[in-house]
Amino acid sequence: MDELWRSDACGTLRLADAGREVRLAGWVGRRRDHGGLIFIDLRDRSGVVQIVFQPDDPELFAKAEALRGEYVISVKGKVTKRLEGMENPKLATGEIEVVAEDLVVLSEAKTPPFQIDRPGDVDERIRLRYRYLDLRRPALQRNMILRHRVMKAARDFFDENGFLELETPMLTRSTPEGARDYLVPSRVHPGKFYALPQSPQIFKQLFMVSGLERYYQIVRCFRDEDLRADRQPEFTQIDVEMSFVGRDDVMRMMERLIQRIFAVGGIDVNLPIRRISYKEAIERYGSDKPDLRFGLELVDVTDIVRDSGFKVFADAAKDGLVKAINAKGAARWSRREIDQLTEQAIEWGAKGLAWIAVGEGGSLRSAITKFMAEEEIAAVLERLAAEPDDLLLFVADRPDVVHTVLGRLRVVLGEKLGLIDPERYEFCWVIDWPLLEWDAEQGRYVAAHHPFTSPKPEHLELLETDPGAVEALAYDLVVNGVELGGGSIRIHRPDVQERMFKALGFTPEEAHEKFGFLIEALSYGAPPHGGIAFGLDRVIMVMARLDSIRDCIPFPKTQSAMDLMTGAPSDVAPEQLEELGIRLLPSARGGKS
RNA sequence: GGAACCGUGGUGUAGUCGGUUAACACGCCAGCCUGUCACGCUGGAGAUCGCGGGUUCGAGUCCCGUCGGUUCCGCCA
């Protein structure tokens, strides 16, 4: 055989190719051996084509009989229109088949631990251990191809709009605030550590100070926190920063990017994307990343129940809130189903879940109405636009508890009531975030976004007097209850940055030790700038409607952050630790491995 | 750190109230078959039921522990 392994990709052959001599290469999928006639589904990245072996060449036929699943072969043959009635409409190549004239086995294969060409669930342990085989399956290949095309679309967009793709260090310095860092010990400086970047935040700001004006990077980031279905310890960001821009400039540029990216998946994004304030998102949807595909909004009834005979309501109304969701059509749910909702509400921090079920003709089923006055009940029903068959669910508590619990309940109700259309994409920007949040545990304010986020100029003076009231020039992009990314206009004046660190409770010495280089950089003429970062993996997950981020990451880790294929993380040789000046605590020896 | 669910031939599952030979489908192996495409038919191999302990005359099944996987809470500027 010469150097030409293949003339065509399996999945690309069509009726128009009939009559052509082709050479194909790929993996043996299903084989259908009829004794006197053998069919092989030959698979490569492009798809599948049927190869036919006929018995007129006994030597060739014998070789075909020995083929097994996942053998890698090269086949020479003639593309042939299938016999009348033998077409397979399920295959893109179903109108033709390739009649084999020559066959070379390039690699034999052991029987794989799971069937490659059979869709369906396989234990994720097995899939991850044999990830290279899992990635051979068409479903995962589709996700990888989508991932590539999204990255390509993004790069094209950035290039067209004057952005430079610039790299930032992977070995950098650990900074306070934010997620737990992955640390890398330094051999040259025993006892000192690099940190892997949680994001290239400071570096991209420094690019702006450098006058590079528009930066982007598709870059790996690391956070040593516990995993979730949509969270991996290393993940990929589409990271962006722009000079001489305000909030609107960044948002407008980025929604064009999002439009371009989602177009890759055939999803239309109408511009401009609607904007909703953080406050409104919390009050109406109980979430800072609301799913706008359905209603079930939170309704405030605090004023109505202020003097309620139902003490739970009256007490909460004093210094908290009483809010409700009208689960339309849910009055028929069983007591057991409602009790399950109550259990969940309690798990999320509520003390309980009060409810009123509206029956035919307006009759009420409830454990709380007997404590409430007639007109109070009537006012609540009216406020919630209650109709027969509706189930009203109430939470009375501190505002944060009310919003968290009802916000989560809202999503559960939306799913249970079948209100969520998986094909719809409802985007929104969440804006006007608080700059700071009070952290009761630490007894200080912490940055809601990050310490470099610019306060709204009109709130600057509140930084010292009422820090909790300062709003930030920050924005998150949300789709269907998923946070795709977030960013902000940054602080570009060293004095403001110093005030921010002070508001965060840093002493001037601390601020200088940790971030002196940034403050110094800002003092050399920093342009106003701002940016954003999107979670690429989540973008793919949403576009491909995946349940897990792992299905769009080539080599993901398990929930316990292990790589089941390579066995990472692993022990290292004592000499390696010695070299780094590291000794393990007894509790760290012979632990999980 | 906490909660829940799961772990049975290679894969996916069943296995009742604890009962004697652990079932089914796919895959695998062999044979037959010239138009299949989830090919078909016949036969076969393949499991100490994640691991350890306990209760019991008897444990895949009940209990305790442990390991692993998943989902969620905390955490994730």
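In what follows, every chain begins at residue 1, and chains take the letters A, B, ... in the order their sequences are listed.
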If you restrict it to nitrogen or oxygen atoms, what contacts under 3.5 Å exist between nucleotides 43-47 of chain B and the protein, and what is each distance?
none

Open item on the list: Reading RNA chain B from 5' onward, which residue's closest nucleotide shows up sooner: A:Asp33 or A:His450?
Closed with: A:Asp33
Open item on the list: Using atom C1' in both nucleotides, what's the gap between B:rC32 and B:rU8 to the nearest angstrom?
Closed with: 34 Å
- [ ] Kindly indicate whether the side chain of A:Arg228 and the base of B:rG74 share any N or O donor-acceptor pair separated by less than 3.5 Å?
- [x] yes
Task: Pair partner, B:rA3 [Watson-Crick or wobble, under 3.5 Å] - done: B:rU71
Task: A:Phe114 aromatic ring stacked with six-membered ring of B:rU11, 5.5 Å and 30° - done: no
Open item on the list: Distance check, C1' atoms only: B:rG46 and B:rG52, in whole angstrom units.
Closed with: 26 Å
Open item on the list: Is it the case that the base of B:rC37 and the side chain of A:Arg82 share a donor-acceptor contact (distance under 3.5 Å, atom types as modelled)?
Closed with: yes
Open item on the list: Tell me whether the side-chain N/O atoms of A:Lys90 come closer than 4.0 Å to OP1 or OP2 in B:rA38.
Closed with: yes
- [ ] For A:Asp121, report the nucleic acid contact type (base, sugar-phosphate, nothing); a contact means any heavy atom under 4.0 Å.
- [x] sugar-phosphate
Open item on the list: Applying the 5.5 Å / 30° rule, does A:His34 stack onto the base of B:rC39?
Closed with: yes
Task: Nucleic acid contacts - residues 62-71 of chain A versus RNA chain B, non-hydrogen atoms under 4.0 Å - done: A:Arg68
- [ ] Examine the base of B:rU34 for any acceptor or donor lying under 3.5 Å from a partner atom in the side chain of A:Gln54, and report the outcome as yes or no.
- [x] no
Open item on the list: If the cut-off is 4.0 Å, is A:Thr111 near the phosphate of B:rC28, judged by side-chain N/O to OP1 or OP2?
Closed with: no
Open item on the list: Using the C1' atom as the point on both nucleotides, what is the distance between B:rC62 and B:rC72, in whole Å?
Closed with: 28 Å
TODO: With the side chain of A:Leu37 defined as its heavy atoms from C-beta on, choose the nearest nucleotide among B:rG12, B:rG35, B:rG27.
DONE: B:rG35
Task: A:Arg118 side chain near B:rG12 phosphate (N/O to OP1/OP2, under 4.0 Å) - done: no
Task: side-chain N/O A:Ser548 vs B:rU70 OP1/OP2, d < 4.0 Å - done: no
